[in-house]
Each structure stands twice: as C-alpha cells, then as structure tokens.
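Here's the structure we're looking at; comments come further down.
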There are 2 protein chains.
Amino acid sequence: MVTLAEVAQHAGVSASTVSYVLSGKRSISVGTRQRVERSIQELGYHPNAGARALASSRSNIIALMVPLRTDMYVPVMMEIAIAVATTARAHGYDVLLLTGEEGPDAVRRVTGSGLADAMILMDVELDDERLPLLRQTDQPSVLIGLPADTSGLTCVDLDFGATGALCAEHLAALGHRDIAVIGEAPAVYERHTGFAERTLDGLRSRARELGLRVLHRPCEGGYDAMAATLARIFDERPGTTGFVVQNESAVEPLLALLRQQGRAVPEDVSVIAVCPDQVAVQASVRLTSVAIPAHEMGRRAVERLVAKLDGHGKDEVVLLTPELTVRSSTGPVSGGS
Amino acid sequence: MVTLAEVAQHAGVSASTVSYVLSGKRSISVGTRQRVERSIQELGYHPNAGARALASSRSNIIALMVPLRTDMYVPVMMEIAIAVATTARAHGYDVLLLTGEEGPDAVRRVTGSGLADAMILMDVELDDERLPLLRQTDQPSVLIGLPADTSGLTCVDLDFGATGALCAEHLAALGHRDIAVIGEAPAVYERHTGFAERTLDGLRSRARELGLRVLHRPCEGGYDAMAATLARIFDERPGTTGFVVQNESAVEPLLALLRQQGRAVPEDVSVIAVCPDQVAVQASVRLTSVAIPAHEMGRRAVERLVAKLDGHGKDEVVLLTPELTVRSSTGPVSGGS
DNA sequence: ATAGGCTGTCGAAGCGCTTCGACACGAACT
DNA sequence: AGTTCGTGTCGAAGCGCTTCGACAGCCTAT
C-alpha cells in the first residue's frame with residue numbers, strides 16, 4: 001500500500017505539498033506539481049479513503065436508499081439507481097446502496113457514523129417516518145418522490161398531477177368520453193406513496209373540466225388480475241373507450257385481453273401508459289405514453305445534492321414536466337359523430 | 001458528534017475499554033460492559049466509519065459492480081443487488097454501488113483506496129478485462145457469472161448448461177421433435193457474457209441425445225423483432241412445436257404473436273421461459289419456466305465473500321441447480337401418434 | 001533601499017479509532 | 001508463604017490523511 005508520505009519522499013517534497021497537489025487547495029508551482037504527479041503515477045498511489053474521511057470529515061459517499069420490495073416499477077428504480085451512481089461518480093462521489101429494510105435506523109446509522117456525506121431517498125411515503133430525522137440532521141438529503149409536507153426538504157419528482165391531466169386532455173381531444181384508469185396495486189395506495197393519488201387527482205380534475213367520465217380501478221399486475229378488473233370495468237361502463245394504465249405489469253395483459261375480446265387498439269379503444277419509453281416501444285402495440293424520466297430524476301437528485309454539499313443550493317421542490325408521446329395505441333373515437 | 005472518548009469518560013473507563021466492549025476482542029466484566037453500553041445508549045454514540053477504517057484497515061464495505069446497460073434482465077440484476085445489500089447488512093457490511101462504466105479502473109480505485117474490503121462483480125464476460133486485476137490483488141472477490149478461466153476465482157452462477165438440458169428434456173418428454181430457441185439479443189452473444197452460450201450448448205447436446213432438432217435464433221426484445229424472428233423460424237421449420245425463450249422481453253410478444261396466428265398454447269405449441277418466477281406467473285399464460293434464482297445468487301455471493309473475509313472460504317465455483325416448474329404453457333404434442 | 005504583499009513550501013497537530021504490551025489483582029496452585 | 005496463571009483494565013502508539021500557521025524568497029510600490 002503506497003502512502004502519501006512515500007509519494008512525497010519519491011518526489012522530494014513534503015507530505016502536505018502532495019496533499020495540496022491532490023486537492024488543489026493551495027497553489028503549487030508547475031514544476032513541483034508535475035514532479036508529484038509523476039511520482040503518483042509511477043508508484044500507483046491511491047489515497048486511502050478512511051484516512052481521508054477521518055481527516056477531512058468528508059467521505060465523498062452519497063447514500064441511496066432504495067425500496068426493498070420489488071413489486072413495482074423495478075426498471076424505473078434500477079434506472080434511477082444507475083443514473084444516481086453515474087452522476088455521482090462524475091462529481092467525485094461514490095454511492096452506498098441501502099435498502100429500505102432498516103428504515104429510519106439506516107438514516108441514524110449513516111448520519112451518525114459519517115459513512116456518507118448525504119443521502120437520497122426513494123419511494124417516499126406521504127408521511128414518511130424518516131422525514132423527521134432528515135429535518136433534524138444537518139446532513140443534506142434529497143427525496144425522489146413527494147411527501148405531504150415538503151417544508152425544509154428538497155424533492156425531485158415527476159409532476160404526476162400534470163401527468164394525469166395530460167392523459168385526460170389527450171383522450172378528450174380524441175373525442176373519448178368514458179375513460180378508465182388502471183391504477184397501481186391496492187398495496188401502493190395503502191402505503192400512501194402519493195404518486196398514484198397525484199396522478200389520479202390531476203386526471204380527475206382535468207377530466208371534470210373537459211366533461212369526461214372517469215372510472216378508477218387499482219389493479220395488481222398480471223393477466224388474471226387484469227382480466228377481472230377489465231371485466232368489472234366494461235360491466236359498469238360498457239361505453240368505455242379510453243384507458244390510462246399506470247401499472248407497468250398490467251399493460252401487456254390489458255392489450256392481450258382487448259385483442260382477445262375483439263376490441264382493436266386504437267380503432268375501438270385507446271390506451272395511454274404511464275411508463276418508461278423503453279416499455280412503451282417494446283409493447284405489442286407501440287404505446288402512446290407519458291414517460292417516467294427515471295434517468296433525469298436520478299441525475300437531478302444528485303446535482304441538487306452536490307450543490308448543497310458545495311454550499312449553494314437551497315431546499316426546493318423540483319417537479320419535472322411530463323411529456324406525452326403519441327404512438328400507435330391512441331386514436332379518435334370511432335363510430336361517433 | 002459523540003466520540004469514543006466521550007463515551008469512555010461518561011462511563012468512567014478508558015477509551016480502549018469501550019473499544020473492546022464494542023468489538024468483543026477482549027473479555028470485559030459484566031458490570032463494565034453494562035455501564036459502557038448504557039453510556040453508548042444515552043449519548044447516542046455511533047462509531048466514526050472513517051476512523052474505524054483507518055485504524056483497522058477494514059471498511060466493512062463490499063463493492064458491487066453492476067452493469068451499466070439496462071438492456072437485459074433488469075429485474076434479475078435488481079433482485080441480485082437487493083439480495084446482496086440485504087445479506088451484506090445481515091453480516092455487518094454495507095454495499096457500495098459501482099457501475100460497470102469505469103471498467104477495470106473501478107477495481108483499481110476500490111482496492112487501492114481501501115474503500116471496500118471485497119467486491120462482487122456482475123455481468124462477467126468470458127474473458128473479462130477485470131479478471132487479471134482480481135487475481136493479482138489479495139482483496140477477496142466473487143463473480144456472479146462464469147468466465148472462461150475460473151482458476152483462482154470464486155464464482156456463483158446458475159448452471160445454465162443444465163438449464164438448457166432441462167428444457168430439452170421436458171420438451172422431448174412431451175413428444176416435441178422440432179424446437180426453437182429464442183435467444184438473447186445479438187449484442188449479448190457478441191459481448192461473450194457466456195450464460196447464453198452455455199444454455200444453448202447444454203440444450204443442444206441434450207437435444208442431440210434425445211433426437212430433437214434445434215433451431216437457435218438470437219432476438220432483440222420487443223414485438224417487431226419477435227415477429228420477424230418468429231416468421232423466419234416457421235419459414236425454416238414449419239413443424240416447430242416447442243419454444244425455449246431466454247429473452248424476457250421477447251416472452252410476451254411471442255405469446256401475443258402465437259395467439260394472433262391461431263396457434264394455441266399449450267395445445268399447438270409449447271413455450272418454456274428461462275426467467276424469474278415472478279415473470280413466469282405474471283405472463284398472459286402461466287409459463288412453464290426454469291427459474292433464475294436471483295436472490296439466491298446474491299445471497300450466496302455475499303456468503304462466500306464473508307467467509308473469505310473471515311479467513312475460511314477457498315476459491316470455488318458454485319453452480320446452482322436449475323429447477324423447472326411446469327405451468328400452463330407446455331403440453332404434449334397434439335395430432336401426433 | 002525598505003516595507004509590504006504574494007507565492008510556494010514545510011512542519012506539526014490532530015481527526016477518532018484499534019490494538020499491543022503492561023500491569024494490577026485475586027484465585028489456584030505448590 | 002510464594003509462585004503462577006488468567007482476567008480485566010489502561011496508556012500509548014500509531015493508522016494516512018488534511019489543514020493551519022509559519023516562513024523563506026521574490027516582486028512591487030514607495
């Protein structure tokens with residue numbers, strides 16, 4: 001293990017000089033800098049992370065708490081995690097992966113031990129039990145998601161309210177009057193993660209303005225659950241011609257069922273999905289969708305965090321504007337007019 | 001920030017005594033231990049990670065390198081990552097998330113800086129450029145996957161050869177004679193990640209013994225790619241009645257296409273998927289499948305690693321035995337005999 | 001010519017912990 | 001009684017780095 005001292009000796013300077021070359025916190029003459037850099041190269045020196053953390057009280061690590069359960073939006077979570085790791089690295093930070101399993105204790109442990117300089121929380125519930133801890137510590141944090149009370153917190157999320165509104169507008173413009181929302185699994189609503197409710201609220205209020213009738217049904221993923229849900233929907237509102245699907249794992253079953261029932265997409269019914277673009281283009285029908293900008297969310301979260309760590313950057317809520325991409329699963333209402 | 005010294009003072013003992021209470025490396029009288037533990041509680045003490053790492057040259061962190069690309073098996077990757085994080089935590093380790101982006105440099109950086117005590121590599125290629133580094137460092141590591149040369153390495157993986165064989169056996173037993181393998185995207189083969197080839201080899205050699213004819217076609221995910229692939233298959237081998245699908249994102253398109261062509265599953269054609277159970281049961285047909293035991297792989301990898309860190313634990317290759325679960329997508333060949 | 005200000009470098013202190021050797025004490029032997 | 005041993009505790013020496021204050025040397029302004 002090569003140490004700073006060895007590099008210093010090799011370069012014929014003092015240890016502090018090497019340190020300053022590395023950190024750039026004091027000016028160093030060109031000659032010295034080059035000599036030190038060559039020594040670092042030649043000896044294959046890597047600063048020891050523990051020593052650095054101890055001396056500077058900075059670990060250069062960002063903690064990322066991901067949900068333990070894999071029941072929803074796995075690709076989204078994964079994409080966010082990867083975006084976080086990549087962006088963090090670009091800013092000189094590493095990422096510590098924490099699962100939600102430990103709950104609030106993880107927050108205490110990480111802030112208390114100085115393991116990480118800051119944290120990013122995913123899958124935030126409306127009244128998350130980790131929030132009080134975050135507010136009382138002075139360690140910066142960013143939430144991906146939106147709790148009920150955002151005071152004193154920084155949040156990054158898709159504007160799910162606007163997402164819902166966008167879906168309503170698109171379907172209304174195409175002449176649909178009766179639409180059904182295939183929501184997340186009931187467990188998601190019970191957990192009060194918020195984004196599902198926000199989508200629904202946004203959709204409902206815009207739908208009211210536009211004169212749409214909305215039927216909302218939570219739905220577990222999978223074929224069987226979707227079949228049952230769909231049957232109930234057509235039972236209750238036979239005239240339903242528009243679907244908004246928020247549950248990724250219900251999309252493909254829905255398409256299969258519609259096909260099977262002889263309802264053509266988009267001629268007879270239109271379907272909008274709220275999902276990553278990749279899912280939308282890989283489906284059996286190229287889906288009109290509102291994208292979940294997972295990469296963007298991860299990146300923004302890290303950037304906010306880094307800004308805070310650098311001293312600037314205040315608490316704020318960043319809501320990303322949703323974008324609807326028209327593909328082949330939505331079209332004007334047939335038969336009508 | 002509460003320090004060891006403060007705890008010691010509060011409990012009326014020396015710092016080293018507190019340290020020994022924490023680590024258990026020397027015997028401590030019951031009375032002293034309790035006094036110290038109470039002080040720790042009362043003061044809310046958390047040992048400083050950096051100081052601990054510096055003094056003990058142990059960071060209690062395991063690095064996990066996940067592939068950057070999200071083009072394949074995302075749910076599997078995620079599940080492995082979560083299993084790793086959970087299991088590691090149970091053994092007192094935290095997990096550092098590295099993306100494949102940095103490549104071999106990440107290995108150098110982590111081992112050089114003492115950031116982590118050990119590493120787990122996913123998405124290992126047959127002739128991975130990180131392997132030489134792993135062999136020459138004395139830091140323990142475990143691969144999830146199987147490179148060409150495993151000497152001096154510890155690997156955990158599903159026995160994909162046996163997986164392929166299992167598929168062949170099941171289809172043969174049901175009377176199928178002409179089978180098609182829908183493989184991973186061409187990029188996966190080009191990258192030489194190995195598992196796809198191993199599945200195919202295992203399947204081919206068992207098929208030969210059983211007198212099956214095998215057609216293998218790599219396939220990008222998605223509906224369009226699957227449609228083209230399927231057309232070519234039936235063009236070349238109209239009598240194909242059995243399918244083995246290794247690409248998750250081709251499963252649902254395949255089912256939709258077969259349905260659309262009026263070929264009933266499992267009456268006319270049988271389909272076996274190689275995928276996590278969750279995917280198999282959520283598909284539009286409950287799929288007969290060979291499970292990818294992602295959780296188990298992550299857990300085993302950590303356990304091997306912890307064993308190595310504790311001194312026991314030698315280099316070895318652990319191949320998990322595949323298990324085929326019969327569901328509703330495979331059945332005896334119709335019409336025949 | 002001299003005071004003042006930069007620039008580049010160094011030495012030393014200390015971050016909070018682990019761990020080694022020392023040692024005091026009582027118990028269990030001769 | 002003295003020796004030996006084991007047990008429980010302490011003090012001190014680092015681990016490898018950052019950072020502060022000091023200062024030598026030079027340049028510029030007076």
Side-chain angles (χ1 to χ4, degrees), chain A residues 1-37 39-40 43-61 92 94 109-117 309, chain B residues 1-37 39-40 43-61 92 94 109-117 309:
Chain A
M1 198 89 307
V2 188
T3 70
L4 226 215
E6 294 174 293
V7 173
Q9 191 176 2
H10 185 272
V13 298
S14 76
S16 48
T17 300
V18 177
S19 179
Y20 286 124
V21 167
L22 251 28
S23 68
K25 293 193 180 175
R26 285 206 182 169
S27 55
I28 297 288
S29 69
V30 183
T32 306
R33 186 200 317 296
Q34 290 178 343
R35 215 143 22 90
V36 170
E37 279 165 354
S39 296
I40 288 176
L43 301 180
Y45 168 71
H46 284 272
N48 180 83
R52 184 168 262 194
L54 176 58
S56 65
S57 4
R58 283 291 221 109
S59 65
N60 284 297
I61 289 182
D94 273 295
R109 194 167 64 84
V110 168
T111 60
S113 67
L115 235 188
D117 296 334
L309 286 167
Chain B
M1 198 89 307
V2 188
T3 70
L4 226 214
E6 294 174 296
V7 173
Q9 192 177 4
H10 186 272
V13 297
S14 77
S16 48
T17 300
V18 177
S19 178
Y20 286 123
V21 167
L22 251 29
S23 69
K25 294 193 180 176
R26 285 204 182 169
S27 55
I28 297 287
S29 68
V30 184
T32 306
R33 187 202 316 296
Q34 289 179 343
R35 213 141 26 88
V36 170
E37 279 165 354
S39 297
I40 289 176
L43 301 179
Y45 169 71
H46 284 271
N48 181 82
R52 184 168 261 192
L54 176 57
S56 65
S57 1
R58 284 289 222 111
S59 64
N60 285 298
I61 289 180
D94 274 296
R109 194 167 62 85
V110 168
T111 61
S113 67
L115 235 187
D117 297 332
L309 286 167

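Throughout, protein chains are lettered first and strands after them, A, B, ... in sequence-line order, and every chain is numbered starting at 1.
- Between A/R26 and the phosphate of C/dT7, there is no side-chain N or O to OP1/OP2 separation shorter than 4.0 Å.
- The side chain of B/S14 contributes an N or O atom lying less than 4.0 Å from OP1 or OP2 of D/dC10.
- Residue B/T17 places at least one side-chain N or O under 4.0 Å from the OP1 or OP2 atom of D/dC10.
- Residue contacts for B/L4: at a heavy-atom cut-off of 4.0 Å it reaches a base atom on one of the strands shown.
- D/dG8 atom P lies 14 Å from atom CD of B/Q34, rounded to whole Å.
- Rounded to an integer number of Å, the gap from B/L115 CG to D/dG16 C1' is 14 Å.
- Side chain B/Y20 to base C/dC20: a donor-acceptor pair is found below 3.5 Å.
- Between the CG atom of A/N48 and the C1' atom of D/dT18 there is a distance of 13 Å, rounded to whole Å.
- A/S19 comes within 4.0 angstrom of a base, heavy atoms only.
- Minimum heavy-atom separation, B/V110 to B/A116: CG1-CB, 3.6 Å.
- Taking each heavy atom of A/M1 and B/T111 in turn, the nearest pair found is CE-O, 4.5 Å.
- Heavy atoms of A/S16 sit under 4.0 angstrom from at least one base atom.
- Both B/S29 and B/A55 sit near DNA chain D, but only B/S29 has its closest nucleotide nearer the 5' end.
- Taking side-chain N and O atoms only, B/S27 has no distance below 4.0 Å to OP1 or OP2 of D/dT7.
- Regarding contacts with the backbone of D/dT19, a side-chain N or O of A/K25 is found under 4.0 angstrom from either OP1 or OP2.
- Residue-level contact check: A/L54 touches the bases, meaning some heavy atom is under 4.0 Å from a base atom.
- The phosphate of D/dC15 (OP1 or OP2) has no side-chain N or O of B/S57 nearer than 4.0 angstrom.
- Atom CD of B/E37 sits in a crowded spot, with more than 12 heavy atoms from other residues, nucleotides or ligands closer than 6.0 Å.
- As a whole-Å value, the separation of A/H46 NE2 from D/dC15 C1' is 19 Å.
- In this structure, A/T3 and A/E6 have side chains that are in contact, with non-hydrogen atoms separated by less than 4.5 Å.
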Original post:
Could you go step by step and tell me if B/T17 and B/R35 meet the side-chain contact (heavy atoms from CB on, under 4.5 Å) rule?
Top reply: CA-CA 11 Å; B/T17 300; B/R35 213 141 26 88; over 6 Å; no
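- The side chain of A/R52 contributes an N or O atom lying less than 4.0 Å from OP1 or OP2 of D/dT18.
- As a whole-Å value, the separation of A/R58 CZ from D/dT18 P is 13 Å.
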